[in-house]
S.K.: 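This is the structure, below, for whatever I ask next.
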Amino acid sequence: MAAPLYVTQSGRLFHAGLILIVTVGLPARGKTHISRALERYLRWLGVKTRVYSLGDYRRKVLGGAQNVPPDYFQTKSPRSEATNALRRRIKNELEDQIMDFYTVQGGQVVIYDANNGNVKNRKDCYEKFESKGVHVIFLESVCDQEEIITANIRSVKLSSPDYAGWDADRAVADYWSRIRDQEQVYDTVTADEGPFIKVMNVGERIEVNRIEGYLQTRCCFFLMNIHTKPRTIYFARSGQSLIEHSYKADSDLSPAGWEYSERMKAAVIARRKALKEEKKANGEAVGNENPLLIWTSARRRAYHTAWPFVHSGFKVVQKPIMSEINPGVWDGLSTGEAMELYPDEWDRFLSDPYAHRAPRAESYHDLSVRLEPVIFELERCQDDLLIIGHASVIRCLLAYLVGLPPNEVPAVEIARGDLVEVTPASYGVISRAFHFWSGEGRGDASGENLYENFAESTSGKGTVLPDSGVNFAADAFNMEQEAEEEEKIEKEIQADNLAKSLKGKILNKLHNSSKDGTRSAPHPHPQGQSTLPHLQEDKENEREERTTGSDAEYGNSPASEEVLSEGDLEGKEGGSLRARASELQAFDIWNEIEEADKVSG
């Protein structure tokens, strides 16, 4: 279970009973993706759930497509008796495992992932399990968009053991022939067969019949928010703040924090470029790149870390619900101070770091409940997504995606300077981490990760199993050089663009002044001061303003979700910090113009 909202001793919600969700649909309709996503969500709710895939079990028994009888998928003519017996044996063995999950292992929900494309098979399945006290619901995935089907074949089926070693185009053609055969005998689910949920084009429209009760309706609500469009989710911690160990202070970024924000943007851009090249190298279709959307909390250090993205035109959304875990009375305390001042609370905390709530604080369980709306939005989002947040929030969201047990959630190390990349796939998620920053604010003298406060840290909160998929500190790939190079390129491009734009505006102004006769005679400027408006003052105040990050420049922390735009970065006189820093490079251009002006007299 990842981060369960409701847990009972038996692992069941007593009022929901045993439920079998039987998938229905032609091949490559996203049934496996939907099944795995629903399994992940139900486990997060605290419901003991498991997916049983007929295709996976058949491959386990028989191996790849080369070991499957030639008439195994045949529908146009009768199969041999041996093939029919083999199909029945595989199906019955899997259904026996399903009953064992209910009766012996204490499971409550099973998702039976198979085609189940004709009325007779569905009727047999319904009667078999209903007679044993299991409530059966059919989950049909219908898709009539050929581009979705082809994309699903290429992204999922070609990596299946069925087509190991096959040419990609030949495998696609073979799979399409399998689909065409099954279309001839496929029957859609009707109302008289029993309860069903029918999903059209993976979330475009949903039809339900006889869905009753809390757990069944939660499944419907979840299915209304998912999709199968390929996308990548990135996670990164916010930059170092001026007052690092206080929850109440809500302080701004330190100078190192501002440098970190620029490097993070470069790392994300470099990683997206590398991911595109990886897809090309693997022979995957590379279409239009997904837009990148950025979410941050409403805490200053989080949404100011996103300012470089705002200035580059990316959409950045502040979500107050994504604020870090509230430390309560432990705010500002070190581990030793918490042990000394609150020894009883400390002992209770060590017994259950996930569920324990210190006085006036939040537990990780409380935080998971608070983040449930974010999980639905995360499932619904079809763009590439970067979440800039706090370690506690990132842990809970990763726990949902990866499927961590509750006792491991508080122990996940999230280092400042690591970019965590999660790619949802049909059979789960693929997670990787990339190290892009080793500067101030990453670790202490002993090499341990630095966190904003004790509630955010992993001290005393257990360990994570080696095969959990979230050992990012140990498994991160180093991309510092790539991030530095990308940042250098970005700065050069921005400086060149600004210089060209400013030079054009100045020359145009001088030209217009000459035409209307209002141009003043050139005169020397003492001590090298420029006549370019406001730049001299900006040059003197740049470092101070960059360090303090005054509210006058950045705006106060919003009380509700807010979309940031480039206009939010602009001051009355000098524009954004980034633009103002780049404007200072225009001194040389202005001086050249003035020298030319003197010569022309």
Side-chain angles (χ1 to χ4, degrees), residues 1-14 16 35-52 100-102 104-111 215 218-219 222 233 235 324-325 348-358 362-372 374-375 378-379 387 389-415 420 422 424-425 427-433 449 451 455-475:
M1 292 180 293
L5 299 186
Y6 317 102
V7 179
T8 61
Q9 187 173 6
S10 66
R12 296 176 176 176
L13 297 182
F14 67 93
S35 299
R36 297 292 176 178
L38 185 57
E39 176 194 37
R40 181 172 64 233
Y41 176 65
L42 290 175
R43 284 183 173 181
W44 182 78
L45 284 179
V47 181
K48 195 167 185 178
T49 307
R50 186 173 298 171
V51 172
Y52 285 85
D100 180 79
F101 179 71
Y102 288 130
V104 178
Q105 301 176 49
Q108 182 166 21
V109 176
V110 167
I111 303 171
L215 194 55
R218 288 297 288 262
C219 291
F222 176 78
I233 305 169
F235 296 90
E324 73 263 47
I325 193 170
R348 287 193 288 269
F349 163 74
L350 290 181
S351 66
D352 192 352
Y354 177 80
H356 177 72
R357 181 190 300 117
E362 282 182 306
S363 67
Y364 269 91
H365 178 272
D366 297 329
L367 181 59
S368 296
V369 174
R370 167 153 63 90
L371 290 173
E372 185 179 16
V374 176
I375 286 174
L378 188 149
E379 290 285 1
I387 295 178
H390 315 281
S392 56
V393 172
I394 293 174
R395 288 185 189 113
C396 289
L397 295 177
L398 281 174
Y400 165 75
L401 290 170
V402 177
L404 287 184
N407 62 297
E408 294 185 18
V409 175
V412 177
E413 290 285 357
I414 305 294
V420 179
V422 177
Y427 290 89
V429 297
I430 302 169
S431 58
R432 295 185 288 181
N449 290 328
Y451 292 97
E456 290 283 298
S457 75
T458 57
S459 178
K461 298 178 182 178
T463 58
V464 178
L465 294 177
D467 59 350
S468 63
V470 291
N471 286 297
F472 302 123
D475 301 334

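All values below come from the heavy atoms of this structure, side chains included, with hydrogens, waters and symmetry mates left out. The structure presented is a predicted model; accordingly, all values stated were derived computationally and were not measured.
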S.K.: Using 0.5 Å steps for rounding, measure from the CG atom of D366 to the CD1 atom of I325.
M.R.: 7.5 Å
S.K.: Looking at every heavy atom in both V409 and A399, which two are closest together, and how far apart are they?
M.R.: CG2-CB, 3.6 Å
S.K.: Mind checking the CG-CG spacing from L42 to L215? Nearest 0.5 Å is all I need.
M.R.: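 Rounded to the nearest 0.5 Å, the CG-CG separation comes to 6.0 Å.
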S.K.: Do L38 and T49 come within less than 4.5 Å of each other through their side chains, counting heavy atoms only?
M.R.: no
S.K.: Does the side chain of R50 come within less than 4.5 Å of Y52's, by heavy atoms?
M.R.: yes
S.K.: Less than 4.5 Å apart, any side-chain heavy atom of V422 and any of V402?
M.R.: no
S.K.: Hey, could you give me the CG/SG distance between L45 and C219, rounded to the nearest 0.5 Å?
M.R.: 8.0 Å
S.K.: Is the closest side-chain heavy-atom distance between F101 and K48 below 4.5 Å?
M.R.: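 A side-chain contact under 4.5 Å exists here.
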S.K.: Are Y364 and C396 packed together at the side-chain level, in the sense that at least one heavy-atom pair is separated by less than 4.5 angstrom?
M.R.: yes
S.K.: Between Y41 and R218, is a side chain to side chain contact (heavy atoms under 4.5 Å, CB included) present by the stated rule, with each step listed?
M.R.: CA-CA 10 Å; Y41 176 65; R218 288 297 288 262; 2.8 Å; yes
S.K.: Between P406 and P410, what is the shortest heavy-atom contact and its length?
M.R.: O-CD, 3.5 Å
S.K.: How long is the span from the CD1 atom in I233 to the CG atom in L401, to the nearest 0.5 Å?
M.R.: 5.0 Å
S.K.: Between the side chains of E456 and S392, does any donor sit under 3.5 Å from an acceptor?
M.R.: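 There is such a pair between these side chains.
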S.K.: Restricting to non-hydrogen atoms, name the atom on V429 and the atom on P424 that form the minimum distance, rounded to 0.1 Å.
M.R.: CG1-CA, 3.9 Å
S.K.: How long is the gap from NE2 on H390 to CG on L367, to the nearest 0.5 Å?
M.R.: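 These two atoms lie 10.0 Å from each other.
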S.K.: Decide yes or no on salt bridge (charged side-chain N to carboxylate O under 4.0 Å, His left out) for R395 and E413, but give the supporting numbers first.
M.R.: CA-CA 8 Å; R395 288 185 189 113; E413 290 285 357; 5.3 Å; no
S.K.: Side-chain contact, heavy-atom cut-off 4.5 Å: V412 with L404?
M.R.: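 Yes, their side chains come closer than 4.5 Å.
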S.K.: Working to the nearest 0.5 angstrom, can you tell me the gap between H365 NE2 and Y354 OH?
M.R.: 5.5 Å
S.K.: Considering residues at least two apart in sequence or located in another chain, which fulfil the side chain to side chain contact (heavy atoms under 4.5 Å, CB included) criterion with I375?
M.R.: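 With neighbours one apart ignored, the set is W44, L397, Y400.
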S.K.: Taking only Lys NZ, Arg NE, NH1 and NH2, and the carboxylate oxygens of Asp or Glu, determine whether E324 and R370 approach each other closer than 4.0 Å.
M.R.: no
S.K.: Could you tell me which non-hydrogen atom of V47 sits nearest to which non-hydrogen atom of Q108, and how far apart they are?
M.R.: CG1-OE1, 3.7 Å
